[in-house]
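Data first, discussion second: the structure below is written as structure tokens.
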Amino acid sequence: MKPSRREFVATGLAGMATLYARQAPLDGQAPRPASEDGYRLWLRYAPPGTVVDAYRSALRGVLVDGTSPTADVIRAEVRAALTSILGTAPPASTTVDAGTLVIGTPKQSALIHRLGWERELTALGRDGFILRTARVGGQPAIVIAATDDVGALYGTFHLLRLLQTGQPIARLDIADRPRIQLRMLNHWDNMDGTIERGYAGRSLWQWNDLPAKIDPRYVDYARANASLGINATVINSVNANAIVLTPDYLDKVAALATAWRPYGLRVFLSANFASPIRIGGLKTADPLDQGVIDWWKAKADEVYKRIPDFGGFLVKANSEGQPGPKDYERTHAEGANCLADAVASHGGHAIWRAFIYDEDVDPDRAKRAYIEFTKLDGQFKPNVLVQVKNGAIDFMPREPFHPLFGALKQTPVLAEIQATQEYLGQGRHLVYLGTMWEEFLDADTYAKGKGSTVGKVLEGAVVPQRVTGIATVLNPGLDRNWCGHHFSQANWYAAGRLSWNPEIPALQIADEWTRMTFSSDAGAVKTIVDLMMGSREAFVNYTMPLGLHHLIGGNHYAPMPQNAKAPRADWTATYYHQASTDAIGFDRTMRGNQAVAQYFPPVRDQFDSLATCPEMFLLWFHRLPWDYKLKSGKTLWAGLVEKYHEGARQALAMQKTWGSLTDKVDPQRHKEIADRLAVQVADAQKWRDEILQYFQQFSKLPIAPPQEAK
Ligand code: BDP
């Protein structure tokens, strides 16, 4: 039976209450931890407390039974981790004694083969694993077994997570597999070393030094990803420079692919649709032109010669100025199929982004992709996947789920989520997105009746999908701590965990991450986890509550509700909030522009009716007078005032809470986070004041702060 979302996943933590109770507090005044720079992410392998004694007696030797680059990776990781967690690494064994950790595949290891687990392992798939206490050659041992050695690597990281989070390992019986096949990252790195919407320094990829020099950081990047089960990465921006497909660059990409292969990480590339013109010397990029078809085929062959396990192309076409099939009056299906055909014989995929919003399709940007892509369902080749952002506009702090989830019956759909925090405080605000993605993945599409959650749609459990996937836009850079804000690392972590299993609770993920990243001190963990769990709602409250969206300008950071001038109307703020003296909000109901009709009937009706529309989406779907009565009995204006004040107050409380952790968190990270929280507090007040003052011109009502906010 599947664990319900509200319980901790069986393979994860035993339950917070028991966990906190089990851990003895650290003795008296524990010394303040030594400074850290955050480079090691959640792979710090700090000893998790007194439980280490039990680990020492349970782990007395290590036998990684196999020879392959991945087996070497496992050996090195286990050695480094156990040395750090246990104080000294248990010896590498060649035979099994009591307490030997045995890791391998039935194919390579006779010991594992003799356990007779093949059928069970096959059912878990290539990436699944068993982590079990068992007798091996008559000796009690811990076994990590998988069909493929990458599965064994995932199992190894699972055990290391249990150790880092202080879990009991006396009787292990875990069989786990990913629910999603393509667990993918999308980097938005430009070829000149800058990163689009990157807030942590320049690109990780050192194009000038590649292919000769493999920076050790590439390997640490792969380790971090493998520890979460991330198995695919698109390394260049969707606003793609065609140069990446030239032979010199392909050699560089191949060197990265080679470094990452032992970690199970496959490379994909963003392709510029006009590449046949830009680097191929052709006059056209028309996807039905034979010369173009041949060019892509030859290009794909060239790529696969260097990278035999190349994943395929990701394409942003006819969106925000990018070239695409519509330039030639061809459909998106015709465009996608051309690239898909080129990689098909190699087992590759063409991933076509649905982030397309042509103004001639519909006046409302939120409706456009659904209209275009539902028309094309059934016309895509089998190896085309459509990649859909979580919401219909663009990574807003809160959006209802994109109506395309569950709507395409014959086309595999990947979700695109963004860990980068482009619209969520970028590298400066502490915003944990696990809760946001949980809300998204749990949303019920009703595509096949109740229980058709977005998570289930993505798993292929609602409409069968040929390939399943979740892509996370993640823009780490050369900053020592990878992500700019130390807490942004949690979003990389959460995205990876949810891509493995969309049902892992955000709370569990926050708890794991905190223990691995900061401390195993029960009080500190609880404080940090609480801080994380409330952070996204706080951000929504002080920026865009009650369904407001896009109240920003071009930098996507600061409030700019007055923004009425941009190259296109749907890049302004006024297009979305439509505030006037009468009302505020976007009428997407059946009486308005009928965007709600893009959802399946129960969802359509829920959003359509004021009685049932969740207030968190109120102004997304409804246009309402300032004196509209909220469920609380307050007017809409008073409700808005209250939300903005609440958000600013929450930011202040977060700062205070963090201040209480000086003894529990190392000085460097504590200070760097505290500095950013000071910015966040000031920003939250700025958002509150600027937005309320702006809307007050229309509401003409007093900004009466709730009592406790003073
Ligand atoms: C927007 C970003 C822009 C991206 C675009 C996309 O502001 O930089 O190019 O999305 O996803 O959110 O293509």
Side-chain angles (χ1 to χ4, degrees), residues 184-192 194-200 203 233-242 244 268-274 313-324 326 332 335-336 350-359 365-366 368-369 372-373 385-399 402 404 413-427 431 433 436-437 440 469-477 484 491 495 543-544 549-558 560 563 566-573 575-576:
M184 174 178 273
L185 296 181
N186 286 186
H187 292 266
W188 285 356
D189 290 25
N190 299 314
M191 304 309 289
D192 64 1
T194 59
I195 303 179
E196 181 158 342
R197 314 297 176 186
Y199 313 105
S203 175
T233 184
V234 186
I235 59 173
N236 61 321
S237 170
V238 286
N239 296 316
N241 186 331
V244 77
F268 287 64
L269 290 174
S270 291
N272 185 301
F273 194 78
F313 297 121
L314 171 67
V315 187
K316 170 175 177 177
N318 292 121
S319 168
E320 301 184 335
Q322 293 300 316
K326 285 198 160 177
H332 282 290
I351 305 180
W352 205 259
R353 293 178 87 229
F355 184 67
I356 293 164
Y357 50 104
D358 284 354
E359 278 160 313
R365 172 169 166 187
R368 296 173 189 156
E372 285 218 68
F373 279 84
L385 315 172
V386 171
Q387 182 165 308
V388 181
K389 286 191 184 184
N390 60 282
I393 299 289
D394 189 9
F395 298 139
M396 295 291 104
R398 172 165 273 137
E399 283 188 66
H402 201 303
L404 272 173
V413 169
L414 265 79
E416 179 178 316
I417 58 177
Q418 198 201 51
T420 304
Q421 297 180 233
E422 173 183 353
Y423 295 93
L424 284 121
Q426 302 181 355
V431 188
L433 300 179
M436 181 172 87
W437 297 327
F440 161 62
I470 295 182
T472 303
V473 178
L474 182 85
N475 293 346
N491 295 330
T543 60
M544 303 179 219
H549 46 295
H550 217 282
L551 303 182
I552 37 86
N555 69 1
H556 297 177
Y557 179 80
M560 210 175 154
N563 173 20
R568 30 190 302 173
D570 54 13
W571 287 356
T572 67
Y575 169 92
Y576 295 98

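First listed ligand is number 1; within each ligand, the first listed atom is number 1.
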Candidates Gln418, Glu422, Gln426 - the one meeting side chain to side chain donor-acceptor pair (under 3.5 Å) with Arg197
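In the set Gln418, Glu422, Gln426, the residue that makes a side chain to side chain donor-acceptor pair (under 3.5 Å) with Arg197 is Glu422.
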Can you list the steps and then say if Arg368 with Asp570 is a salt bridge (Lys or Arg N to Asp or Glu O under 4.0 Å)?
CA-CA 12 Å; Arg368 296 173 189 156; Asp570 54 13; 2.6 Å; yes
Could you pull out every protein residue that has a heavy atom closer than 4.0 Å to ligand 1, ordered by chain and then number?
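Ligand 1 pocket, heavy atoms under 4.0 Å: Trp188, Glu196, Arg197, Val238, Asn239, Lys316, Glu320, Arg353, Phe355, Lys389, Asp394, Glu422, Tyr423, His556.
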Does the side chain of Asn318 come within less than 4.5 Å of His332's, by heavy atoms?
yes
By salt bridge (Lys or Arg N to Asp or Glu O under 4.0 Å), Arg398 pairs with (sequence neighbours left out) Glu439, Glu537
Can you measure from CG (Asn563) to OH (Tyr576) and round to the nearest 0.5 angstrom?
10.5 Å
Salt bridge check: are Arg568 and Glu320 linked by an N-O gap of less than 4.0 Å?
no
